[in-house]
Amino acid sequence: MRDEELRRAIEAVVLVALEPVAPGLMAELFEEPVERVDAVAVELARRYERDERGFVLARVAGGWRFQSHPDQALYVERFANRDVSHRLSTAALETLAIVAYRQPVSRSQISALRGVNVDGVVRLLEQRGYIRAVGRAEGPGQPVLFGTTEMFLERLGLDSIGDLPPIEDFLPGPDAVVELEERLRPSVGD
Amino acid sequence: MRDEELRRAIEAVVLVALEPVAPGLMAELFEEPVERVDAVAVELARRYERDERGFVLARVAGGWRFQSHPDQALYVERFANRDVSHRLSTAALETLAIVAYRQPVSRSQISALRGVNVDGVVRLLEQRGYIRAVGRAEGPGQPVLFGTTEMFLERLGLDSIGDLPPIEDFLPGPDAVVELEERLRPSVGD
Amino acid sequence: MGVSVSTPVFEGPIDLLLHLVTSHEVDVLDVPLAPVVDAFVAALAEGKDAYGMEALSEFVLVAAILLELKSQRLLPGPDDVDPEDELVGWDERDLLLSRLLECRAYAAVADTLVKMTEAADRSVPRLAGLEDDFVVHAPDLLEGVTPGALAQAFVAATAERPGARIDLSHVTVVDTLTVSEAVEELAAELPVRRRVTFAELTGHLGAKIEVIVRFLALLELCKLGRVTLGQGRTFGALEIEWVGGDEPVGVGVGAIVVDEYRG
């Protein structure tokens, strides 16, 4: 298959898909190496961007999908009358962050970190489809372990969980750590 | 709005639409004369054809929509018939159950019950022929209402929708409540 | 963060106070915690509408961390301790330290997640799918799905949402427990069993709050001289013996405070 043919086939299949299409699946459909499919898709996405199309070919949750260009948000929102009111509370967001970076993680592990009971928040995140039970821990009680979902990736526009910004970037710097430690040192003999 | 801007806006809105978008609606959204919108859309469709895109911008049922290029039918059909999963996902089954018991029901009503966006799942059920649009609700936006199909009844071996098991049978009955209560009460004297 | 505190060394929002304490600008020993509590009570008095549950619970979290910090600092330093005990102290401190750091990091990440979501929200995926004229021969996805399974799916889909619950009567049994009720139950049960451990007495209970209420009820009975409580060794099983004879325990006649606890 020539590059041009491959490009057209990708355009057609991604257009009719309801979910991001994995390069591996396209490779099977087109009987071409997955690296080639991905390379052509990357080039195609670049091409749309250069041509200033109103849509983009985006890499989300491990696959390719068409979506409207961010700078057309005004018209798209007007058209779709979408409610983006599904804002999460700070507590829910911080819990979601813990699940995202610590997965798989149990309720009590999250609780221990947040210092509060998180049952309600975990349930909410589960109902919204951002996290799900991914297994059970060994040991007493075999608590349920949670991880993030494909939908979480889609909502954040991420290709994979590895694309989250490194947590180290958000940790207080070494100076702050040293100082914090000083504070916590039991003051021997004073 | 310049022609280029109008083109981008059309591309974005038609891409996200679930049904063909009437030029009149776009004219309202973009605050431009309908003739201009249509002229730009016609030119855009020609442009795609000339560039040999894998999709076309087609005039269908009084509106514009994207669809795969006819000469890509082989791959699209392969994709549509791929053997990914033989079973409905939990999300799809729950959505189907809501349509079955609550019909006629709109996307946003299902969304409100499930707590997540259901556009993709509804689309899947529709394309598989288990549900279909049965009318439109009155009121703002006149949302499409969905109901189950004959095929759905056939697959479940039902004569009519009235033969679905009463939902009350699946809620915890008074007996279960009493039993549960007994179990929770400290068993005096044993 | 809405709740402010006022202390001799600091005046302002409580999370800023925590920040200052952890970043060495205010000595935690200089912060009297009483004004912090006063601020909380004042906030409550203003009504939760003034701050919202979110801000108030955040306040409690921060206040708890402050308290933890302060108690760490106030505890006398180990004196003549064997190295192992000292290590225990280090462990706790390290745990607290890493928890504070991690909490801080996740709070910062949460802001970034919002920004990412907002950016992603500006794009809408195409969900129109396949044109109608394509024939899908894919296998029947409803294979093996019975009408009953569908009904169960409906119950699952609708019962999950807190607003859509149909019957909660069976839950309220667990939800509201009074110590006086527990006292009555124990007064009926214990004379029969005579000697029993706390674990045996509460082993069948599901909710933690039930166990707690039984424990409070036992303390009441102990106060009334109806039971003796004993523990053979530290962390050993709590043994309960009925010594109260057969007279009925007068509940609700004024002798026992009738507290209600909600799970």
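In what follows, chains carry the letters A, B, and so on, assigned in the order in which the sequence lines appear, proteins first and then strands, with residues in each chain numbered from 1. Bear in mind the structure is a predicted one, so any value in this text is a computation, not a measurement.
By the 4.5 Å heavy-atom criterion applied to side chains, Leu150(C) and Leu156(B) are counted as neighbours. The shortest distance between side-chain heavy atoms of Phe154(C) and Leu164(B) does not fall below 4.5 Å.
The CD atom of Gln152(C) sits 10.0 Å away from the CG atom of Leu93(B) when rounded to the nearest 0.5 Å.
Listed by chain and number, the residues in a side-chain contact (heavy atoms from CB on, under 4.5 Å) with Leu238(C) are Phe198(C), Phe215(C), Leu229(C) (sequence neighbours excluded). In this structure, the side-chain contact (heavy atoms from CB on, under 4.5 Å) partners of Asp111(C), at least two apart in sequence or on a different chain, are Lys115(C).
For chain C, no part of Phe79(B) is nearby; none of its heavy atoms comes within less than 4.5 Å. If you measure heavy-atom distances from Ile98(B) to chain C, the contacts under 4.5 Å come from both the backbone and the side chain. Of the atoms belonging to Ala17(B), it is backbone heavy atoms, and not side-chain ones, that fall under 4.5 Å from chain C.
For Arg59(B), the CZ atom sits in a packed shell: over 12 heavy atoms of surrounding residues, nucleotides or ligands are nearer than 6.0 Å.
In plain terms, the two heavy atoms of Ala151(C) and Tyr101(B) that are nearest each other are CB-OH, 3.2 Å. Between Arg126(C) and Gln67(B) the shortest heavy-atom distance is NH2-N, 4.5 Å. Summarising the geometry of Leu15(B) relative to Val124(C), their closest heavy-atom pair is CD2-O, 4.4 Å, with the distance given to 0.1 Å.
Pairs passing the side-chain hydrogen bond (donor to acceptor under 3.5 Å, both in side chains) check and including a residue from residues 154-164 of chain B, sequence neighbours excluded, read Arg155(B)-Asp140(C).
Residues from residues 18-54 of chain B that place a non-hydrogen atom less than 4.5 Å from a non-hydrogen atom of chain C comprise Leu18(B), given in numerical order.
Using modelled atom types, one side-chain atom of Arg123(B) and one backbone atom of Ala128(C) make a donor-acceptor pair closer than 3.5 Å.
With chain C as the partner, the residue from Val122(B), Leu96(B), Ile110(B) showing the most heavy-atom pairs under 4.5 Å is Leu96(B).
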